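Following: one structure in structure tokens, then a few remarks.
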Amino acid sequence: MSEDSTDANAKSQNPNSIGRKEVNGHRDSFTALTNGETSPLKQGEAKEEQTTDNVFQVTIKLPHQPYEIQIMVSTQEQVQDLRQSIMESSGTFQYSCFHLEHKGERINDYVELSEVKGFAAGSELKLVEDPYTEKEARMHLIRIRDIIGAAGDRVDTLHGISAGLSLHDIVSPWNDPAAPSAPTDKPANASPSGIPHALVDYTLDGPPSIRTITPTDEEQPRKTIKSLSVSAWNPPPPFLRQQGHLLYLQLTTNEGEQYQITSHVSGFFVNKSSNSKFDPSPRPPPKNAAAHSLFSLISLLSQSFSKSFDILLDSNNKRDPLVNFQLTNAIPSSPWLVTPTATSLSSHQPDLTRTQETFLLSGVENTETLRDWNEEIQSTRELPRETVQDRVFRERLISKIFAEFSEAAARGAMMVARGEVAPLNPTESKDAQIFVYNNVFYSFGADGVSTFTSEGGDEAARVAVGKDVGGVKAVNQLDIAGLATPGTITVDYLGKRLVAQSIVPGIFKQREPEEHQVDYGGVEGRDVVAENDAFIPTFSQVSKALKVKKHPVWDKEGKKHVLEGSVETKGLLGTDGRKYILDLYRLTPLDVTWLEEHCKDGEEPSTESQPRNYPHRMTTLRPELVEAYWRFKMGEYVQEQVKRRKPSASADGPAAITNGTGENRVNGREEINDEHQIETEKSFEQKEKTMEQSPEEDRVDISTFSLTLNPDVFCGQVPQTDEEKEEWANDEREVRAACAHLHEKVIPEMIQDLKEGEVGFPMDGQSLSRLMHRRGVNLRYLGKFANLTENEDSRLRALKALTVQEMVARAFKHVAHRYLKHLPMSFITNCLCHLLNCLLGTGLNDLPKAQIDDDLRDSYKDADYSFAKVTPHSLKVEIETQVQIRYQYVLHDAWTHEIRHLQLLRSIALKLGLQLIARDYHFTSETQPNTEQSKSETNAVANGTVNLSGLNGHAHGNVNGKKKKKHAGRTSPATNGLEIPSQQSTFSPEDIANMVPIIKDACPKSVLAEEALEAGKISMMQNQKEIGQELLLESLTLHEQIYGILHPEVARVYHQLAMLYYQLDEKSAAIELAHKAVIISERTLGIDSNETILSYLNLALFEHGNHNTTLALACVRHALELWKIIYGSKHPDSITTLNNAAVMLQQLQFYPESRQWFETSLAISEEVSGKQSVNTATLLFQLAQALVLDQDHKGAVNRMREAYSIFLSKLGPDDANTKESEKWLEQLTQNAVSMAKHAKDVQARRLRRVVFNPRVATMGARPQPQVGQSNSDMASGRDTGSRSSNSFDSRSIDELVKIIEGGGDISKSSTGKKLTTRSNPKRRGGAGVVGAQA
């Protein structure tokens, strides 16, 4: 095995992975499918035949018990993948140093199984134990410690506390996917007095509970041994190393026996040494023991070990395996709230090996983990890509190397930020210093060498490095052969922004005086420009894909140079012979409209209310906007060609669009955009769909269409001749037109879509930012959004509140960074605590004081302690100033009284990387509990643990409202749990448990996996289900193979495929994927991210459709609680969720409760959409149905009459919705009399009650789309599947009445045939009413 894979395997092993097969380094989520045992996706015979040929069972002969095992393998696997499967099987996990033999011949670990001669189904392989080397012995020790649970908790500064946390098993426990969920719907004759449902005590307007996102304290499994570490006698002296001694270990069993163990090339044995005497020779009988595996040796020495290990396995196997798998290709999400027990003193257990892991992983010289990152990245990208297998292998390695580089670079960046790495140029100013650590080059995101003086100095430099990472990612996505980019990430940590890059060979090379430092592009700003024909072919490919115009630039002497890209983009010929593209922060033109309006050189505001200048000139347009503008202009071009060819074409519909190569469209949509598609593509794609139906003469070839933008206009370039000036003026007009497209079309359309409910409404700042970026809108337009949403519309008021909150959070981030930048590590928590108190804690203490240890302060005399002078008023002014200059928006005077404290705290914590203690923070005196209650709650949290306090001795678990006494000096850092001192401010320094870095990487997405996914969706849209399902399953496998199973992209594809399979009635597959989507979203995106909420809501829908409504309601409850935390109550799109909850309660025959939830949904709809809106009418229709089930026939008639009136006035008498409601109203009225005579029997509950079984298109239970996803996207399956339009119950009133009276057959009406849906031509259901949920 390679060194890298050995290290990874050593770290990733855990008891939970035992017995679960992994293919190509990841667990195959559809192993049963692949093996041909079951087929929940109903694959065809041809597919099964192919699967049988490629996947089969082999026998592995073992040297010890159980002597042989059977393993499923694929001919496409490598031998090392088979080795990994063996190491993770239940009977063979103790083996790590071995090779495999087939028919007496050793097999190379790095060949595919298909290359092994004579290897076929039923073949036997022999496992042969190999002699250990020192490195293999070290890796074996680490692996065994992890497997037996002896490793303890590692202290990882990068990943943070409780990183990769998942609450899935607490909220919605799920068993073997092969066994369907047990139905929990109550039988028809059950009464509502059964087990209470999950929503029984839920209050929609109640305060958010932080307990929703904090795990319960689970009982820790019993230890299998007391300790296992490297002995003090290590390393072996030279004369014993020659005899095969590798390591000396020390084992203490649960029985209290201590053993000194020698790691020998032949295995492990107990030696004669003691703590005071050295004798590493084997012990004589009867106390002798030896084994090839350390696991086997421990089993021989400890009688209780096997039993304890079985208990450990049982404990771990109760949880979903994905909960415990270690993330390999993604950095786990660190929660912003952590449990108090996670930071208590008792949670930190002694473990000698924790201090030895650097030696165990890296060797004595610490050189085994040093890697040449640049060479690895470039050589990986140069791997062959001819066949599909080549592409899979290549993209898998690219994902792996980028993930490993990002993690290593982030760790080094944290050390640089803390001042633990010596600079290469210590005599320069701090901002100009550069560093090299672990073969990674670091510099600060500041203008240390005055490169960006004319652009805005430090502000411009900070923005430039962020845009550079985005540019590198875009070029990486293009994957142009012969063009190299350095590995690049940015890290925000402790108020500093650092850029980390792999070292490009030759970048530090001292060149001859006449030679330029770079080979192509601007050398010293725009003054000196270098040209090199060798870079033109590759740079031209980048320019073509990114819509960059080939254009002239002029140096300081007026000499003309024609460049393929921006003058700021540089080409460097490395000493390794590769062509590198650098400084990619200006791939798109400047937003000249914004610059001319808000960045006027030399002008200062004359009045306080006049907007101030924007802090920098790095205001480039987003690539998504350039792509959207290209599509817009291309649409105009098509229409023009059609009109020119046939004047009447406009009456005949749009023409089909063809493109000989399709290159522009693919590059623009799949490779540049961060999301799957841009919403502004809708008009183009509607034209594209008609391509096959249009006659040949209507086809328009767009290969002749061209639109490119000059990124260097408005940047000080001076054309020399009249012809050059004219061309430059045309380029400027084109860029102005693109800016006008942003202001006049993109932004208004986005606001209108959100107002009308045409797209999913954002839940928090992250989803709002992502939605804006998808549309090509920069975040500097948040202020414009706030100004444009100042009206009486409820949805726009909600958007404005969210926008203002995001601006305040980002302004606070900039203020905090300024105070943190030159502050020692020891004062970081004091600074942040004081700033948070000044912003969020003024309701409890209107004049908080900063806590600073004066003794410690004297040790850092050069530090900047200006944060201590901050007051709530001064911070308010600073935030208002930042909002004004960055977003050109003026906050009104009372904004501090309108903020949502918990939601703003979460937004700030996520932006700064804060991890806070999970407790009830009291932002006002009204929210404080009384003293006795506070003490009891605090003691309940702290019971049995020792609470950590900081310099001033304040316990972090406190929720009291009493004022604390001021301490003259330091107190004991521990309390006994009996009395916790109260605090006078909302936050104390001990509340900030940790800070984690905010990382932005440049890892490209897998083109191959996305291609398979898109092809599968298109096939499904064309009703080619068999091909579509095969492609979707292939896409799923590709995502898992390339990214590893625990990755955000895999979570998103699980989410999308779950929707598609559910609509195909493949419920078992949909539920399995939905559960996995929840777990992976929690672990990689966050336990309270908006995507996690959507995953929970859709999981609830799928479980409900599988008659597991009790579990579905638990998921709905958890999602609603999360919604409160990240947004608050009454989110505009929560109407669908409330509707679905009502339907689920109806399924369980909780009719009164169901009616209440329908009424709540209606109330929010009336507030959000208006009482006379079509959405409200739809909900009135559904409420009327619910009232019939609740025996309120008079109320049902009234509600149906209201619905009919609204439909009649809004949609007219001929609309299908109007006719449907009229039909229901007539029959409800006719049946009201007959129902009245049964009232006595109904009240006596003598009538038979039959389960009302709603379906996807019945009574409002709908799937949920992602934030920003449009209704048409949902219906077409382009993103997460299809979405039903406004749909009513397909049954007549007579059928429903029969059901209520006990005479109807619900099975006939709820299954069998496809449901018909009626589209609402005005709003198609809205994003938040009865359509899918945002």
Side-chain angles (χ1 to χ4, degrees), residues 449-455 460 464 467-468 471-472 474-475 478 480 482-486 504 506-507 509 511-574 578-590 592 617-618 620-621 626 706-735 738:
V449 292
S450 302
T451 304
F452 296 95
T453 303
S454 62
E455 307 293 332
K467 291 184 179 295
D468 183 40
V472 172
V475 173
L478 297 176
I480 296 171
L483 186 64
T485 57
V504 176
I507 197 167
K509 177 184 175 183
R511 302 205 178 193
E512 296 297 327
E514 65 276 5
E515 286 186 316
H516 296 310
Q517 199 64 30
V518 296
D519 299 288
Y520 190 79
V523 180
E524 299 172 4
R526 295 182 292 268
D527 293 341
V528 180
V529 179
E531 291 185 83
N532 189 327
D533 292 344
F535 285 86
I536 293 178
T538 52
F539 272 53
S540 63
Q541 294 181 59
V542 175
S543 299
K544 182 179 180 182
L546 299 180
K547 316 296 187 292
V548 176
K549 181 177 181 179
K550 182 177 181 179
H551 62 280
V553 296
W554 297 267
D555 58 23
K556 62 182 179 180
E557 298 176 354
K559 183 179 178 182
K560 179 179 176 181
H561 304 268
V562 179
L563 297 180
E564 290 288 345
S566 167
V567 69
E568 304 290 350
T569 303
K570 301 171 178 59
L572 176 68
L573 188 62
R578 297 185 177 100
K579 300 182 186 69
Y580 290 87
I581 184 170
L582 307 173
D583 292 350
L584 297 167
Y585 51 82
R586 279 271 301 280
L587 291 177
T588 55
L590 294 177
V592 62
R617 293 181 57 86
M618 298 295 296
T620 57
L621 299 173
V626 174
S706 174
L707 184 143
T708 53
L709 299 178
N710 184 343
D712 286 326
V713 294
F714 306 108
C715 293
Q717 292 290 334
V718 182
Q720 302 298 310
T721 66
D722 291 341
E723 184 180 352
E724 291 170 352
K725 290 178 181 178
E726 183 180 354
E727 181 185 1
W728 202 257
N730 291 333
D731 292 347
E732 289 181 344
R733 279 194 293 272
E734 196 66 68
V735 170

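A quick note: this is a predicted structure, and the numbers were derived from the prediction, not measured.
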Does a side-chain N-to-carboxylate-O contact under 4.0 Å join K549 and E734?
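Answer for the salt bridge query: no.
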Would you check if [X] and [Y] make a side-chain contact, meaning some heavy-atom pair closer than 4.5 Å?
X: V542; Y: I480; value: yes
X: H561; Y: D555; value: yes
X: T620; Y: Y585; value: no

Does atom [atom1] of [X] have more than 12 heavy-atom neighbours, drawn from other residues, nucleotides or ligands, at distances under 6.0 Å?
X: D722; atom1: CG; value: no
X: Q720; atom1: CD; value: yes
X: K579; atom1: NZ; value: no

Got a second to check how far [X]'s [atom1] is from [Y]'s [atom2], nearest 0.5 Å?
X: D712; Y: E568; atom1: CG; atom2: CD; value: 7.0 Å
X: S543; Y: K550; atom1: OG; atom2: NZ; value: 9.5 Å
X: L621; Y: L709; atom1: CG; atom2: CG; value: 8.0 Å
X: I581; Y: D583; atom1: CD1; atom2: CG; value: 9.5 Å
X: Q717; Y: K560; atom1: CD; atom2: NZ; value: 12.0 Å

Output, in order, the C-alpha distance, side-chain angles, deciding distance and verdict of side-chain contact (heavy atoms from CB on, under 4.5 Å) for L572 and D519.
CA-CA 5 Å; L572 176 68; D519 299 288; 3.7 Å; yes
For [X] against [Y], the heavy-atom pair lying closest together:
X: I536; Y: E564; value: CG2-OE2, 3.7 Å
X: T538; Y: L483; value: OG1-CD1, 3.9 Å
X: P486; Y: V472; value: O-CG1, 4.0 Å
X: F452; Y: A460; value: CB-CB, 4.0 Å
X: F714; Y: R617; value: O-NH2, 3.7 Å
X: G565; Y: P711; value: C-CG, 4.5 Å

Would the distance check show the side chain of D468 and the main-chain N or O of L584 forming a donor-acceptor pair, the cut-off being under 3.5 Å?
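Checked: pair present.
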So, T721 side chain and E724 main chain: donor-acceptor pair closer than 3.5 Å or not?
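Checking the backbone N and O of E724 against the side chain of T721, a donor-acceptor pair under 3.5 Å is found.
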Looking only at side-chain N and O atoms, does H551 offer a donor or acceptor that is under 3.5 Å from a partner on D731?
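Side chains of D731 and H551: no pair found under 3.5 Å.
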Aromatic plane relationship, Y520 with F535 - under 30° parallel, 30 to 60° tilted, over 60° perpendicular
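The rings of F535 and Y520 lie parallel, inter-plane angle below 30°.
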Using side-chain contact (heavy atoms from CB on, under 4.5 Å), reason through C715 and R586 one step at a time and then give a plain yes or no.
CA-CA 11 Å; C715 293; R586 279 271 301 280; 2.9 Å; yes
Could you go step by step and tell me if V626 and L546 meet the side-chain contact (heavy atoms from CB on, under 4.5 Å) rule?
CA-CA 8 Å; V626 174; L546 299 180; over 6 Å; no
Walk me through whether Y580 and I507 qualify under side-chain contact (heavy atoms from CB on, under 4.5 Å).
CA-CA 10 Å; Y580 290 87; I507 197 167; over 6 Å; no
